[in-house]
Asker: 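Take a look at this one; I'll ask things after.
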Amino acid sequence: MILAEGMLKPGALKGKNIIVTGGGTGLGRSMGEYFLELGANLVITSRKLDVLQETAKEMMVVKGGKVIPLACDVREIDQVEAMWKDATDHLGQIHVVLNNAAGNFISPTERLSTNAFNTVLDIVLKGTSQVTLTAGKDWIAKKQTGIFLNIVTTYAWTGSGYVVPSAAAKAGVLALTRSLAVEWAKYGIRSNAIAPGPFPTEGAWSRLLPGDLLKKFDPAKKVPVGRVGEHQELANLAAYLVSDYSSYVNGEVMTIDGGEWLKGAGEFNNLDQIPEEMWDMMDASRGKKA
Ligand code: COA
């Protein structure tokens, strides 16, 4: 099926060294695998070195190339700086940073402890800022160009109940992306973001919506195109945005959600629940012939 097919030319990312935070599992892993297939070398990071090592091994068997697993909690600046140093020691110049690491709790906000709220802010906003600042300062000092791709969410601009720390933090990441896209363009550093809608991942989905909740709140039902996303669809977009084909794209946030967030936004969109017969009756009542 075309949805599961890679879109870019073979070798489109040849020679690019790419860091993927949160790259051991889920969407980070899927995007990383496609970058590797297109010829990139990868550094994948998360807190769990054992998971990263296993993923790196599996990726290299299937896709070839070089994948370096580095433990890094993005909340800790010492770990971020050490990871950056290790990454450059292993690969030399880093060309792309994919800020993908995230955390989220679905909960009424008043039930969250201060520590829970701060945990999400710290991973998403502070973590992304720390990786961005570390990479950006080094690129600027060495007169190297670079590309940031940040994963946000469609509720970064609308906000959303029940995921408030995530919404606040992702809004911050979006502002960071757009601000630096302008400020650092003079150094040859581009910044873009992707706002994904529902893309199933084993970990996050079962943690965020445990048990029957996933069935009850089936995310596919909220998507106008009637389905959730395929990982390769997201990987295709990410690969384009970190490739030189998108050199003129800067400060953009690209939504990939099958129209989900707009469906929630349009005042009359839920009229799709009105059956045809009722539209017929309404037409008839204003004298329209069938
Ligand atoms: N709902 C509400 N609060 C929660 C929670 C949940 N599901 N899980 C943890 N917390 C609270 C904890 O009680 C703690 O607060 P407290 O000290 O006041 O009790 C605080 O959040 C930090 O929890 P802790 O487990 O110590 O955090 P951590 O730093 O070890 O890990 C995460 C935080 C987010 C990395 C971890 O929970 C995780 O891996 N989550 C799943 C990853 C994820 O969210 N992926 C989705 C990406 S969008």
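Numbering of ligands and ligand atoms starts at 1, following listing order.
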Asker: In the protein, what heavy atom is nearest to atom 46 (C) of ligand 1, and what distance, to one decimal place, separates them?
Answerer: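 Answer for atom 46 (C) of ligand 1: Ala204 CB, 3.8 Å.
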Asker: Show which atoms of ligand 1 fall inside a sub-4.0 Å distance from at least one heavy-atom site of Arg75.
Answerer: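 Those qualifying, in numeric order: 29 (O).
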Asker: In the complex you have, is atom 37 (O) of ligand 1 within reach of the protein, judged by whether a heavy-atom distance drops under 4.0 Å?
Answerer: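 Yes, at least one protein heavy atom sits under 4.0 Å from atom 37 (O) of ligand 1.
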Asker: Give the ring-plane orientation class for Trp139 versus Trp84, where under 30° counts as parallel, over 60° as perpendicular and anything between as tilted.
Answerer: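 Trp139 and Trp84: perpendicular rings.
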Asker: Would you mind reporting whether Leu38 and Lys16 have side-chain heavy atoms less than 4.5 Å apart?
Answerer: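 When only atoms from C-beta onward are counted, Leu38 and Lys16 do not touch, as no gap falls below 4.5 Å.
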Asker: Does ligand 1 have an atom under 4.0 Å from some heavy atom of Ile123?
Answerer: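 Per 4.0 Å heavy-atom rule, Ile123 contacts ligand 1.
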Asker: Considering non-hydrogen atoms of the protein only, which is the closest contact for atom 7 (N) of ligand 1, and what is the distance?
Answerer: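 It is Phe105 CD2, 3.7 Å.
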Asker: Flag Ser113 as yes when one of its N or O atoms lies below 3.5 Å from any N or O atom of ligand 1, and as no otherwise.
Answerer: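 Yes.
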Asker: Salt bridge between Arg29 and Glu58, side-chain N to carboxylate O under 4.0 Å?
Answerer: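 A salt bridge is present here (some side-chain N lies under 4.0 Å from a carboxylate O).
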Asker: Suppose we measure from atom 2 (C) of ligand 1 to each protein heavy atom; which comes out shortest, and what is that distance?
Answerer: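 Answer for atom 2 (C) of ligand 1: Leu112 CD2, 3.6 Å.
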Asker: May I ask you to decide if Gln93's main-chain N or O and Thr88's side chain share a donor-acceptor pair within less than 3.5 Å?
Answerer: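 No, Thr88 side chain to Gln93 backbone: no donor-acceptor pair under 3.5 Å.
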Asker: Hey, is Arg75 close enough to Asp122 for a salt bridge, meaning N to O under 4.0 Å?
Answerer: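 Answer for the salt bridge query: no.
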Asker: What atoms in ligand 1 come closer than 4.0 Å to a heavy atom of Gly103?
Answerer: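 Heavy-atom distances to Gly103 below 4.0 Å select 43 (C), 44 (O).
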Asker: Where is the nearest protein heavy atom to atom 22 (C) of ligand 1: which residue, which atom, and how far?
Answerer: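 Looking at atom 22 (C) of ligand 1, the protein heavy atom closest to it is Thr119 OG1, 3.4 Å.
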Asker: So which heavy atom in the protein is nearest atom 11 (C) of ligand 1, and how far is it from that ligand atom?
Answerer: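 It is Ala116 CB, 3.6 Å.
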Asker: Compute whether any side-chain donor of one residue and acceptor of the other, for Asn150 and Thr177, lie under 3.5 angstrom apart.
Answerer: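 Present: a donor and an acceptor within the cut-off.
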Asker: Report yes if some heavy atom in the side chain of Trp279 is under 4.5 Å from a heavy atom in the side chain of Leu271; otherwise report no.
Answerer: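 Heavy-atom side-chain distance check passes, below 4.5 Å.
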Asker: Using the side chain to side chain donor-acceptor pair (under 3.5 Å) rule, pick out the option among Asp272, Asp257, Asn270 that qualifies with Lys263.
Answerer: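 By the side chain to side chain donor-acceptor pair (under 3.5 Å) criterion, Lys263 pairs with just one of Asp272, Asp257, Asn270: Asp272.
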Asker: Polar-atom distance check: Asn104 versus ligand 1, any N or O pair below 3.5 Å?
Answerer: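 In this structure, Asn104 places an N or O atom under 3.5 Å from an N or O of ligand 1.
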Asker: Name the closest protein heavy atom to atom 42 (C) of ligand 1, giving the residue it belongs to and the distance to 0.1 Å.
Answerer: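 Heavy-atom neighbour on the protein nearest atom 42 (C) of ligand 1: Arg207 NH2, 3.4 Å.
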Asker: What protein heavy atom sits nearest atom 28 (P) of ligand 1, and how far away is it?
Answerer: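 For this ligand atom, the closest protein heavy atom is Arg47 NH1, 3.7 Å.
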Asker: Protein heavy atoms near atom 24 (P) of ligand 1, is at least one of them under 4.0 angstrom away?
Answerer: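 Protein heavy atoms within 4.0 Å of atom 24 (P) of ligand 1 - there are none.
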Asker: Among all protein heavy atoms, pick the one closest to atom 14 (C) of ligand 1 and tell me residue, atom and distance.
Answerer: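 I find the closest protein heavy atom is Asn115 ND2, 3.8 Å.
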Asker: Under a 4.0 Å heavy-atom limit, does Lys170 contact ligand 1 with its side chain, its backbone, both, or neither?
Answerer: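 No part of Lys170 is near ligand 1 at this cut-off.
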Asker: Would a 4.5 Å heavy-atom cut-off, applied to side chains only, mark His90 and Val43 as touching?
Answerer: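 Contact flag for His90/Val43 side chains = no.
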Asker: Establish, yes or no, whether a centroid distance under 6.0 Å links the rings of Trp261 and Trp157.
Answerer: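 Ring centres of Trp157 and Trp261 closer than 6.0 Å.
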